[in-house]
**Q** 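Pasting a structure here, questions to come.
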Amino acid sequence: GQQVMQIPQYQHVQEGEDFTTYCNSSTTLSNIQWYKQRPGGHPVFLIQLVKSGEVKKQKRLTFQFGEAKKNSSLHITATQTTDVGTYFCLSGANNLFFGTGTRLTVIP
Amino acid sequence: DGGITQSPKYLFRKEGQNVTLSCEQNLNHDAMYWYRQDPGQGLRLIYYSQIVNDFQKGDIAEGYSVSREKKESFPLTVTSAQKNPTAFYLCASSRGGHNQPQHFGDGTRLSIL
């Protein structure tokens with residue numbers, strides 16, 4: 001699997017603030033999956049986007065897939081302490097592409 | 001309950017020793033994957049298998065070997081040729097194809113004695 005650039009690498013926010021992580025690729029992606037990994041835990045699948053410009057919401061989480069299908073974002077509104085963990089993207093077709101992950105810390 | 005079971009949770013290896021990490025799934029998934037995760041780092045693909053009796057090398061296959069004799073099982077052997085095996089190893093499965101969501105096991109932490 002190749003790497004997809006993911007930024008930021010780390011993010012510290014005060015509880016209640018918003019958070020966004022971005023995945024950027026130099027090549028067109030067929031799809032994008034987002035996962036969350038709690039400290040000491042295993043990755044858990046959150047969502048998959050496949051269409052250009054697609055936007056999906058899960059409660060306080062909003063996921064977007066760019067029009068050119070080269071970038072994606074995950075936005076959390078009003079973070080809570082339960083949001084702590086590392087969020088990473090994954091894209092797969094013939095090959096697997098991984099985001100390097102963004103580690104989110106929420107300060108109570 | 002359907003899921004992926006990795007064992008053991010913790011494993012210690014002596015220098016020059018081969019060790020095998022177990023991964024079993026009862027999700028009836030065709031594809032299975034092995035990843036390595038180093039502290040503070042992202043996932044790196046070691047091996048994957050999309051059907052029984054077939055597997056492909058990932059980015060960091062050197063020093064590792066796998067087998068896929070049964071659909072449910074995808075054991076990973078860390079050989080003595082892997083000079084820096086200390087890491088968190090994650091197994092995953094999916095219905096098939098890289099575009100399917102992956103379900104992960106709880107992982108095995110391997111350390112060198």
Side-chain angles (χ1 to χ4, degrees), chain A residues 1-11 21-25 27-51 54 56 58 63 65 69 72 84-105, chain B residues 2-10 21-25 27 29-50 55-61 64 87-111:
Chain A
Q2 300 177 32
Q3 294 290 330
V4 170
M5 181 66 67
Q6 188 169 354
I7 56 171
Q9 188 176 1
Y10 303 96
Q11 184 80 59
T21 175
Y22 303 88
C23 281
N24 299 299
S25 171
T27 59
T28 302
L29 304 171
S30 62
N31 62 78
I32 194 93
Q33 300 166 20
W34 284 95
Y35 293 79
K36 175 184 179 181
Q37 185 175 15
R38 293 183 183 272
H42 61 273
V44 175
F45 171 75
L46 296 176
I47 211 157
Q48 178 166 275
L49 306 170
V50 294
K51 298 177 183 176
E54 189 170 12
K56 288 187 177 180
Q58 287 180 350
F63 304 83
F65 202 8
K69 300 182 75 173
S72 180
V84 296
T86 299
Y87 295 84
F88 68 91
C89 60
L90 184 157
S91 181
N94 295 323
N95 294 301
L96 281 169
F97 298 85
F98 304 97
T100 46
T102 296
R103 181 177 294 182
L104 173 64
T105 301
Chain B
I4 300 180
T5 303
Q6 287 188 244
S7 62
K9 190 169 184 178
Y10 299 95
L21 284 58
S22 170
C23 179
E24 303 278 332
Q25 55 99 359
L27 299 166
H29 284 172
D30 289 316
M32 297 187 75
Y33 304 82
W34 274 106
Y35 297 96
R36 171 181 172 139
Q37 188 174 42
D38 292 284
Q41 303 296 313
L43 299 179
R44 289 190 290 168
L45 181 64
I46 304 173
Y47 268 100
Y48 66 95
S49 168
Q50 296 195 312
F55 48 83
Q56 306 294 329
K57 292 182 178 180
D59 297 322
I60 55 166
Y64 300 97
F88 186 45
Y89 291 86
L90 285 160
C91 178
S93 72
S94 71
R95 287 184 178 171
H98 294 329
N99 60 349
Q100 296 296 313
Q102 296 187 23
H103 298 253
F104 286 82
D106 288 338
T108 293
R109 293 193 183 275
L110 176 62
S111 301

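Proteins come first, then strands; the chains are lettered A, B, ... in the order of their sequence lines, and each starts at number 1. Because the structure is a prediction, the values reported are computed rather than measured.
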**Q** Quick check: are there more than 12 heavy atoms from other residues, nucleotides or ligands sitting under 6.0 Å from OH of Tyr64(B)?
**A** yes
**Q** What part of Leu90(A) gets closer than 4.5 Å to chain B, counting heavy atoms only: side chain, backbone, both or neither?
**A**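 Side chain only.
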**Q** Calculate, to the nearest 0.5 Å, the distance between atoms CG and CZ belonging to Asp59(B) and Phe98(A) respectively.
**A**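 CZ of Phe98(A) is found 7.0 Å from CG of Asp59(B).
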**Q** Heavy-atom cut-off 4.5 Å, strictly under: side chain, backbone, both or neither for Gln37(A) against chain B?
**A**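 When you check distances to chain B, only side chain atoms of Gln37(A) fall under 4.5 Å.
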**Q** Of all residues at least two apart in sequence or in a different chain, which pass the side-chain hydrogen bond (donor to acceptor under 3.5 Å, both in side chains) check with Thr27(A)?
**A** Ser25(A)
**Q** Got a list of side-chain donor-acceptor pairs under 3.5 Å for residues 95-103 of chain B, not counting sequence neighbours?
**A**
{"from": "His98(B)", "atom 1": "ND1", "to": "Tyr33(B)", "atom 2": "OH", "distance (Å)": "3.1"}
{"from": "Gln102(B)", "atom 1": "OE1", "to": "Tyr35(B)", "atom 2": "OH", "distance (Å)": "2.8"}
{"from": "Gln102(B)", "atom 1": "NE2", "to": "Tyr35(B)", "atom 2": "OH", "distance (Å)": "3.1"}

